Every structure is written in C-alpha cells, then in structure tokens.
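First the structure, in the form of structure tokens, and then the observations on it.
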There are 2 protein chains.
Amino acid sequence: MATIKDIARLSGYSIGTVSRVINHHPDVSEKARKDIEAVIASENYKPNSNAVQLKNTGCSPVTVLVKGSRNVFFESILEDMQKVFRENGEEVSVAFLDEDANEVEAAIQLCVQRRPKGLIFLGGNLNYFEESFERIEVPAVLVTGDAEELPFENLSSVTTDDTKGARDAIEYLVSQGHERIGIIGGSLDTDLGQISDFRLSGALEVFNRRKMNFDMDRDFEPSKFSLESGYEAARRLLKKAPDITAIFAIGDMIVLGAIRGIVDSGKKVPDDISVMGYDGIEYTRYAVPRIATVRQDIHELAVRSVEDLLWRLSYHRVAQHFIIDHEIIPGESVKNIREEK
Amino acid sequence: MATIKDIARLSGYSIGTVSRVINHHPDVSEKARKDIEAVIASENYKPNSNAVQLKNTGCSPVTVLVKGSRNVFFESILEDMQKVFRENGEEVSVAFLDEDANEVEAAIQLCVQRRPKGLIFLGGNLNYFEESFERIEVPAVLVTGDAEELPFENLSSVTTDDTKGARDAIEYLVSQGHERIGIIGGSLDTDLGQISDFRLSGALEVFNRRKMNFDMDRDFEPSKFSLESGYEAARRLLKKAPDITAIFAIGDMIVLGAIRGIVDSGKKVPDDISVMGYDGIEYTRYAVPRIATVRQDIHELAVRSVEDLLWRLSYHRVAQHFIIDHEIIPGESVKNIREEK
DNA sequence: AACATTACCGTTAACGTTTACAGTTACAAT
DNA sequence: ATTGTAACTGTAAACGTTAACGGTAATGTT
C-alpha cells in the first residue's frame, strides 16, 4: 500500500509538496502538480484516512445514528441521505442502535472514540437530548423530532408536524363518514413514544373539538412500529371496540400488520373496517387495497438534514429547524360510508 | 477530550504503563492497574480509534458493503449481522453501494483508505470477484453468492442454493396443479443478475424435466428487485401469456409489486393467478393473502457470515463455503387447482 | 548593484497511540 | 557483598499525515 512517502520518492518531490498537491494548496508549481498527480494516479494512492483524521483532530466522516433499524421508513431516509452525501463527495458512516438505547450517550461515546465532524440522529428521544446533548460539541441534526424548544446552538432538526398530520388524518376519516374511530399507536415506554404522543394528541384534538365518542381505554391500543405488534394490537382493539368503523394506525408498518389482524378477526378491509396509516412508505401505493396514509416527504427530510449539516460544516452557519410538509394520501383502504346513512 | 497523556499525568504513571493497562498486557502491577483504571473511569477516557488504527496498521472495524440498499431482504440480514457483531463486542461500519456499482473496486478503494480488518459483501457479482478480488488482502465473506469455485484463499461465502430453491418452488406450484407457469425474474444486465440466473435455471430445469410448456419469450418477463419493477413486469406478462395460472417471481418485493399488477389487470390472486415469491421477508407472513415463498434462513445467513469472519480474524482459520438451508413456505397466494379438473 | 518580493519547495514537529527496548527496583542465591 | 533474576515501569521511535516555518532561486524595484 503506497503512502505519501512513496509518492514523494517516486515523484522526486518532498512529502510536503505531495501533501500540498493532495490538499489543493496554492503554493505548488504547475509542473510539480502534474508530476505528482501522475504518480498518485499510477500508484492508485489514497491518503490513509486514519492518519488524516488523527492529524486534523475531529474530522472523521459524518456519522448517522439510526435508532431501531427494522423500520422501512428509516431505511428509505437513510438511502436518500447516502445519495446526498455521495453527491457532495462526502463519506458517511452509519451506526445502528437498539430501539431502547440512549442515542445521545451513544453519540458521546462515539465522539470521544472517533471524532466525527458531524452527527445525524435518525429517530431520537427529546428527553435524552435535553439531558445530555450539551456534552456534544460537533454540529448535529435530529431527524424526526423538533428541537426548536431546546437550548442548543449546534442542533438542527428536521421533522414533520406529527400533531397536524394526525389531525389531518382523522379529519380525512371523518370526511369519509367515520365517527367511531379506533387508534393503534405507540406506547409511551418506547423511545419512539414521542412521535406517537404527538400523533395521538393530534387525533385526540379532533375528537375533542368535534365532541366525538372516544374512550382511551376502549378505543386505543398501544403498538410498536412493527408488523407483529400491529397485528396483535388490531386483534385486541377489535375485541374491545367492535363498533368502530375505522382504525388510524400511527405508522404504515403497523397498518400492514393490522390489516392481517383485521382479516384474521373475520372482518374485511375496507368493507367492515377502514384503515389509515402514517409515514407513506412505498409499499402503501402497491398494497391491495392501496393504503391511505399521511405521507411525509422522505426525500425532502433526507435532503434537508444532510444539506443543513453540510452547510453548517462548511460555512459555520447556525442551526435551523425545519418542518417538512406532509400530505394526505387517500386510498382504497378507507371506505366512504357517508352515503350509506 | 482526555488523551492517554492526561491519564498518565493524572495517574502518575507513564503513558507506556497506561497503554499496557488499556490493552490488558501482563507486565503491570496490581496497584498500577487499579490506579490507572480509576483515572480512566473518572475521566471517561476511550482511546482515539484513529490513533490506534494508524499504529496497528489495518485494524479499523469490519466493513459491510451493501449493494442496492432498497431491499428489505438485505436490511434484515444487515440488522442480524449488527446484532452478532455487537454480541462479540465488535464495531461495524456499513457502506451502501449503488446497485450497479462494482463492489470489488469499491472495496479496494476502501481498503487503501481505511484499512478495515475484514470485509463482508452483502450481494455481489461473481464476475467482479473473479476479475479483481486478488487485490484484496483482508479476509472477506461474500453473502448471497457461492465463491467455492473461485481460487481465493481469503474469501468465504455464505449463500443458499438458489437453483434448488427455484426447483422446489416450481415443484410446489406443480404439486398444486399448475401447468402453465410464468416467471418474473431479474434481467441479466443487473448485477444481481446472477442470483436471477440461478433461480431461473432452477425453474427451467423442472420445466424441461417435466416437459412442460414454457416459452422464454412469452412466459418470462425480466424485473429488478423492486415493487415498481414487479408491477410492470406482471402487467406485461399477463398480456403476453394470458393462459398462465401461476407466476413465480424470484423475489418477494417483486411479488408484492406483481400482485398489484395482477389486480390492476383485472385478475384475482389467487383465484385467477397464483403467485409465489423468493426470500421469505417478514411481510409475506402478514400479507393478505399470505404469500407462498422460498424462505431463506436470514438469521443463519447473517450469523454464519459474521462468525466465520470473526473466527478467521481471531484464529487465522481458512475460508469456508456454506450453503444455508431454504424452506418452501406454502401460502394462501397459491391456489390448489388440482381438484378442479 | 543591492535589496525586496514572489513562488516554490523541503524540513520538521505534532496528532494519540503501541511496543521494543532499556532502565530501575527488590529480592533471592551465591 | 556481589550477582542474577523477576517484576515492573519509563523512553522513544514509529504509524501516515498536515502545516507552520524557513530556505532558495528567480524575478522585480529602486
């Protein structure tokens, strides 16, 4: 494996000059640049990034911390993020965390060991940030959570308005004639609980305002963001609240599981039970029936967060907070039952 | 950020002794060990991995190269791999490659820059390996491809028998009375084409042996491993070959898209068209109808590959080649049409 | 002609580690 | 009392790189 020394030897210049060529410093003659670049190319030389990073303290690539990886939604965002990094010629490193890990503590560890130049949190619990984010010194972005209220200068956030999304979802169900709506949502003891909270509270707002019949004990069932959990929740919910005509599940994976649960309970979607999801993963457009959902702009979410971080790294900009649009996607999984009455 | 120097200063020992404590070397007194460990704990010190890796040439963590990331199947394997690495106290680094990238060239680049101690290829094209794998010096594992025939001493492989899996799938469809079977598979110009090849040839074997009516132009339609591609392929296939009673799609994502395509062509699954997939992703068990598939043991695939690599790294074992079992999972998506005749 | 300036290039110290080697003790054996 | 040995501990070189600094030669200025 060639090192900068070899390049220096082979090209007849000193390692200093080689380094300058590599880093596009001005003080180098046209000839030297050409010569050295030729050797670099012929030797297929790339600087050893460990050495580079050791020298320039704190510049290993941006790390994306993904919390709870079995999550199609996150995977899609991650993929788009990768693309943006690549387009900007930036390396990325990805670390996966358990769903119940403390991502901020994990990030602190990661910082002392690897000195990344920036951090992106894909999923995260605001409480952990409040507790200990102050100990993180590099620019960071929280995706899927709003850090506007937090007092940190180096933490941007990119998210959608979960409360409003849920309100819109319920309004949509109501517009289709549904009055008894059940909810399958996150339990508060999971770390993604905050998102669930927001979505749940959005739904409750509508119920309240419209004075609809909704009882937390009867019409709500907790669930993780997984197929299995959605399945179980749906079965339990249908037993507790047999008169509901629609279910709003706060994640598309939950809906997918829930549909099977509904079918196994002997009911039909959407004839007996309408269902609506949240997130807008690709498969909702191909499912039979096509699933109504609150689509988040995944691409925008990814692009904004990466670009914000990159800009801040390059130009020392200040942290910002973005709210990305969402969109109600009607679907065959919701039946219009208005005319029936 | 504390360095080894700080620990030395604070504990009153030299950095040599501190380093010995960190690396569990024997030549250090009980007292020194205690003292130094106390300081390390109180300072929350972790060695800077860039420095460590620079010194011990070639020991940045194992890197998993994932090719074509929008692939639920790979994501599941990746997740299981992460778990095994974590259990063994090993770090992992993940890099995502485009579906049409040359993963071996990418790995070579990665080696000169980062000096990983090992490599896992998740997906890959045997041709690229044949061409240039010789230039890779670290132990590697190819997952989802059989490297047995390749002359490389440091390349293990873990895969399932795709040909046999496809044979078994077709036999299953035949056992359910299907005689006119269409296939949706990968086109040869994609890099995952080899897997497609094997699966396709397995299917053809059965058609030949049983002298079944199958015409490549009419009864086969190429497709990438994606929902969209499966959708389009199904629609085209149904137009070309309206008399088929079953479709074997060589990937579960393809099936998921294909089902929508079939429905949009005005047919029903499984009443008009039976479908069967390959891979065994979790959702096949929750889909309505439940999807018959060739389930690969994802967990085993992940565990074997990681453990093989870790063993080889620790004990300098020789590369091995594993064939992981598969299993035919019957499902509601295949209708038994035997009794109808 | 003398000097200043520019443009280029080489030398070297540092980044935080690990490890071979060279001490320094303490204690047992002679 | 001397030597040998064992058990530790410190020192310093090295890993591959960057960047501050100093040097040299060529060119421009007076």
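Every chain is numbered from 1, with letters handed out A, B, ... down the list of sequences. Everything numeric in this text was worked out from a predicted model, so none of it was measured.
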Ile7(B) has an atom CD1; how far is it from atom C1' of dT17(C), in whole Å? 13 Å
Distance below 4.0 Å between Ser19(A) side-chain N/O and dT18(D) OP1 or OP2: yes
Between dT17(C) atom C1' and Tyr45(B) atom OH, what is the distance in whole Å? 7 Å
To the nearest Å, give me how far apart CG (Leu54(B)) and P (dC15(C)) are. 14 Å
For Arg86(A) and Leu97(B), work out which heavy atoms get closest and say how close. NH1-CA, 4.2 Å
Tyr13(B) side, atom OH; Asp35(B) side, atom CG - distance, nearest 0.5 Å: 4.0 Å
Taken to the nearest whole Å, CD1/Ile36(A) to P/dC9(C) is 7 Å
Verify whether one side chain among Gln113(B) and Ser49(A) offers a donor that lies under 3.5 Å from an acceptor in the other. no
What is the distance from atom CD of Glu130(B) to atom CD of Glu149(B), rounded to the nearest 0.5 Å? 10.0 Å
Please work out if Asn50(A) contacts a base, only the sugar-phosphate, or nothing of the nucleic acid, heavy-atom cut-off 4.0 Å. nothing
Side-chain heavy atoms of Lys67(A) within contact of Phe96(A), under 4.5 Å: no
Protein N or O to nucleotides 6-13 of chain D N or O, pairs below 3.5 Å:
from    : atom 1 : to       : atom 2 : distance (Å)
dT9(D)  : OP1    : Ser29(B) : OG     : 2.9
dT9(D)  : OP2    : Ser29(B) : N      : 3.0
dT9(D)  : OP2    : Ser29(B) : OG     : 3.3
dG10(D) : OP2    : Ser14(B) : N      : 2.7
dG10(D) : OP2    : Ser14(B) : OG     : 2.9
dG10(D) : OP2    : Thr17(B) : OG1    : 2.8
dG10(D) : N7     : Arg20(B) : NH2    : 2.9
dG10(D) : O6     : Arg20(B) : NH1    : 3.1

What is the distance, rounded to the nearest whole Å, between atom CD1 of Ile4(B) and atom P of dG16(C)? 11 Å
Distance col, row His25(B):NE2 vs Thr17(B):OG1, nearest 0.5 angstrom, shows 11.5 Å
Between the side chain of Glu103(B) and the main-chain N/O of Asn125(B), is any donor-acceptor distance below 3.5 Å? yes
The helix from dA1(C)-dT30(D) to dT30(C)-dA1(D): angle between its terminal axes, five pairs each, to 10°? 60°
Side chains of Asp6(B) and Tyr45(B): do they bring a donor and an acceptor to under 3.5 Å? no
From Thr3(A) atom OG1 to Lys46(A) atom NZ, the distance as rounded to the nearest 0.5 Å: 15.5 Å
NZ of Lys5(A) versus P of dT18(D): gap in Å, rounded? 13 Å
Figure out the NE2/C1' separation between His25(B) and dT18(C), and round it to whole Å. 8 Å
How long is the span from the OG atom in Ser156(A) to the CZ atom in Phe121(A), to the nearest 0.5 Å? 12.0 Å
Could you give the NZ-to-C1' distance, from Lys46(A) to dG16(D), as a whole number of Å? 16 Å
Identify the pairs formed between an N or O of the protein and an N or O of nucleotides 23-28 of chain D at a distance under 3.5 Å, and give each distance.
none

Do you know which two heavy atoms are closest between Asn154(B) and Val138(B), and how far apart they sit? ND2-O, 3.1 Å
